[in-house]
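Chain letters run A, B, ... following the sequence lines, proteins first and then strands; every chain starts at 1.
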Amino acid sequence: MDKNDPLHRMFREAGHEVPARDLTASIMARVEAESQQRVAPTRPLIGAKGWISVGLLTLVALVLAGVVPDQAPSALRAYLPSSGAALEWVRSWSAWAALVPAAILLVGVLERLAARYHAHRTVLH
Amino acid sequence: MDINGHIDRTLQGDTHAYTVVVRAYQHMVYTVCLRVLRIPEEAEEATQDSFVKAYQHLANWNRTSKFSTWLYSIAYRTAVSRGRKHRPDQRSIDELPTHPTGPEEIAGERAEIRGHLDKALRSLSPSDASVLSFHYLEGLSVEEIVTVMDLSASNVKVKLHRARKKLLEVLQHELKGEARALLSDHG
């Protein structure tokens, strides 16, 4: 840039335009509101890898439940009810294998729903 | 602490550190917005929008360019966008305030120069006035103006040449006394 250019000196002499009022307070009020709307990201109990593992485990358990005959391990037999049709499912290992991941999935879904509800309330208030 | 330090602190969640950034660049951003929008109230709104946008996207500033260039880019585009949405009233140049009333007293020759320059810049298109302002006031290179205004380098050079010529003509016609001497001494 040519420093001898008359326009250069003129612009420099004139300087910046100045707003009629200091805008800092109003800008910072908007920035503060913006930062409060940014909800700190909550770390889910079950991450993406966890979801995949639980899903695969459930799938494997369901497949095995249809293929492998139910037989509780001999060491556990003594602790399981020996009779009663209503409790027969308790003896089924495949039922347990499917129920446990299903329960984890349910907890995960409830946790996500609770996090969303909390975030929604934080933005509103 | 330099401005980069305050930006780092802002990025770490210290919102108060952004106050320093706002204070440092407020007048520059306002000037960019005023060149485009020409109405002080609109320029104030665009200035606020620009700083909020800059805050929202602060993490996207890649430090290969100067922070000021990045901020000018946001300010210019925000002002252009606002200008499209809120088409200003069709007041003539003479009806528009020649200069917004600042909190400081700008006395004597400086006020005269600023008044004439402001009026002369209003006779140019917002784009041409912005090119001149970026070049002469902010000291941006052609490459930096290319980034800020999203124009080609040849387009910026042509705009700069034509706008400069026109502004000089208007100023020669308008200026009186000492202010005119300022031009003729160097021109």
inquiry  = Does any backbone or side-chain atom of B:Leu167 lie under 4.5 Å from a heavy atom of chain A? Answer side chain, backbone, both or neither.
reply    = side chain

task = To the nearest 0.5 Å, tell me how far A:His16 NE2 sits from B:Glu138 CD.
result = 3.5 Å

query = B:Val131 and B:Val158: same hydrophobic cluster, using ILVMFWY side-chain contacts below 4.5 Å?
reply = no

Per-residue contact mode, B:Arg35 against chain A (heavy atom under 4.5 angstrom) = side chain

key: Heavy-atom pair of closest approach, residues B:Glu44 and A:Pro19   = OE2-CB, 4.0 Å

ask   = When rounded to the nearest 0.5 angstrom, what distance separates CD in B:Gln56 from CZ in A:Arg30?
value = 8.5 Å

request  = Determine whether B:Leu117 and A:Glu13 make a side-chain contact, defined as any pair of heavy atoms from C-beta on separated by less than 4.5 Å.
outcome  = no

inquiry  = Could you report the tightest heavy-atom contact between A:Arg21 and B:Gln48, atom names first, then the distance?
reply    = NH2-NE2, 3.3 Å

query = A:Trp51, A:Leu113: one ILVMFWY side-chain cluster at the under-4.5 Å cut-off?
reply = yes

remark   = To the nearest 0.5 Å, atom OH of B:Tyr55 lies from atom CD1 of A:Ile27 at 13.5 Å

request  = Look at the side chain of B:Gln26 and the backbone N and O of A:Leu23, then say whether any donor-acceptor pair between them is shorter than 3.5 Å.
outcome  = yes

ask   = Looking at side-chain heavy atoms only, is the closest gap between B:His135 and A:Asp5 below 4.5 Å?
value = no

task = Decide whether B:Leu160 and B:Val170 are clustered together by the hydrophobic rule: side chain heavy atoms of Ile, Leu, Val, Met, Phe, Trp, Tyr closer than 4.5 Å, transitively.
result = no

ask   = Would you call A:Phe11 and B:Leu132 a side-chain contact if the rule is heavy atoms closer than 4.5 Å?
value = yes

message = For the CD atom of B:Glu45 and the OG atom of A:Ser26, what is their distance to the nearest 0.5 Å?
response = 8.0 Å

task = Give the intermediate values and the outcome of side-chain contact (heavy atoms from CB on, under 4.5 Å) for residues B:Thr19 and A:Val31.
result = CA-CA 10 Å; B:Thr19 310; A:Val31 165; over 6 Å; no

ask   = If you look at every heavy atom in B:Val22 and A:Met28, which pair is closest and at what distance?
value = CG2-SD, 4.0 Å

remark   = NZ (B:Lys165) and CG (A:Leu7) are apart, to the nearest 0.5 Å, by 14.0 Å

